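Shown next, in structure tokens, is the structure this report addresses.
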Amino acid sequence: MEPSHKDAETAAAADPRGTASSSGVVVQVREKKGPLRAAIPYMPFPVAVICLFLNTFVPGLGTFVSAFTVLCGARTDLPDRHVCCVFWLNIAAALIQILTAIVMVGWIMSIFWGMDMVILARYKEQGIPQQL
């Protein structure tokens, strides 16, 4: 049964801000990243755009290039893993993209991977902590 117009007015009158009160429940959503997704490095924005461009036209090439940015000091969401381990995770992601590009899955994955690189670079550039 829906509340009547009069009930809504009563609720609005009870709230001093003029809006209906809520139940006070706070919902927080966090994205759980797998190891391959968490290994995407936070690169400078121009480098991320170049990697997206490379991934769009040659699947896996931009991901392969981004693996070397990890060796150059790019930060990832895997702080507890060694740099070489994160490097090899990125190489594995590039190989998956290259090998599955024949059936279009790798190409689509490669484009989304490049978009994630640009999004992460934008967060780094703006100084926004990414806690999704």
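Every heavy atom of this structure was used, including side-chain atoms; hydrogens, water molecules and symmetry mates were not. These numbers come from a predicted model, not from an experiment.
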Checklist entry - What do the steps show when you test I96 against L36 for side chain to side chain contact (heavy atoms under 4.5 Å, CB included), and what is the final call? => result CA-CA 11 Å; I96 290 169; L36 282 180; 4.0 Å; yes
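In this structure, I108 is not a member of the same hydrophobic cluster as L99, with clusters built from ILVMFWY side-chain heavy atoms closer than 4.5 Å. Cluster membership for L95 and L61, using ILVMFWY side-chain heavy atoms within less than 4.5 angstrom, is not shared. At a threshold of 4.5 Å between side-chain heavy atoms, the hydrophobic network of Ile, Leu, Val, Met, Phe, Trp and Tyr places V47 and I50 in two separate groups.
Connectivity analysis of hydrophobic side chains (ILVMFWY, heavy atoms under 4.5 Å, direct or indirect) links V103 to V105.
Distance CZ/F45 to CG/L120: 12.0 Å, rounded to 0.5 Å. With rounding to the nearest 0.5 angstrom, the OG1 atom of T76 is 9.5 Å from the NZ atom of K33. Interatomic distance, CD1 of I91 versus CZ of F64, reported as 4.5 Å (0.5 Å rounding).
For F53, the side chain to side chain contact (heavy atoms under 4.5 Å, CB included) test picks out F57, with sequence neighbours left out. Evaluation of the side chain to side chain contact (heavy atoms under 4.5 Å, CB included) rule for R81 yields P35, L78, C85, V86, L89 as partners, not counting sequence neighbours.
When all heavy atoms are compared, the tightest approach of C51 to V65 is SG-CG1, 4.1 Å. Pairing each heavy atom of N90 with each of A67, the nearest pair is CB-CB, 3.5 Å.
Annotation: ring-ring contact (aromatic ring centres under 6.0 Å, His included) contacts involving residues 75-107, sequence neighbours excluded, comprise F68-F87. Pairs of residues two or more places apart, or lying in two chains, that qualify as side chain to side chain donor-acceptor pair (under 3.5 Å) and include a residue from residues 54-73 are N55-T63, N55-S110, T63-Q97.
The shortest distance between side-chain heavy atoms of V83 and V70 falls below 4.5 Å.
With hydrogens and angles ignored, the 3.5 Å screen pairs a side-chain donor or acceptor of T100 with a backbone N or O of G106.
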Side-chain atoms of residues 111-118: list all donor-acceptor pairs with protein atoms under 3.5 Å, sequence neighbours left out, distances to 0.1 Å.
{"residue": "D116", "atom": "OD2", "partner": "R37", "partner atom": "NE", "Å": "3.3"}

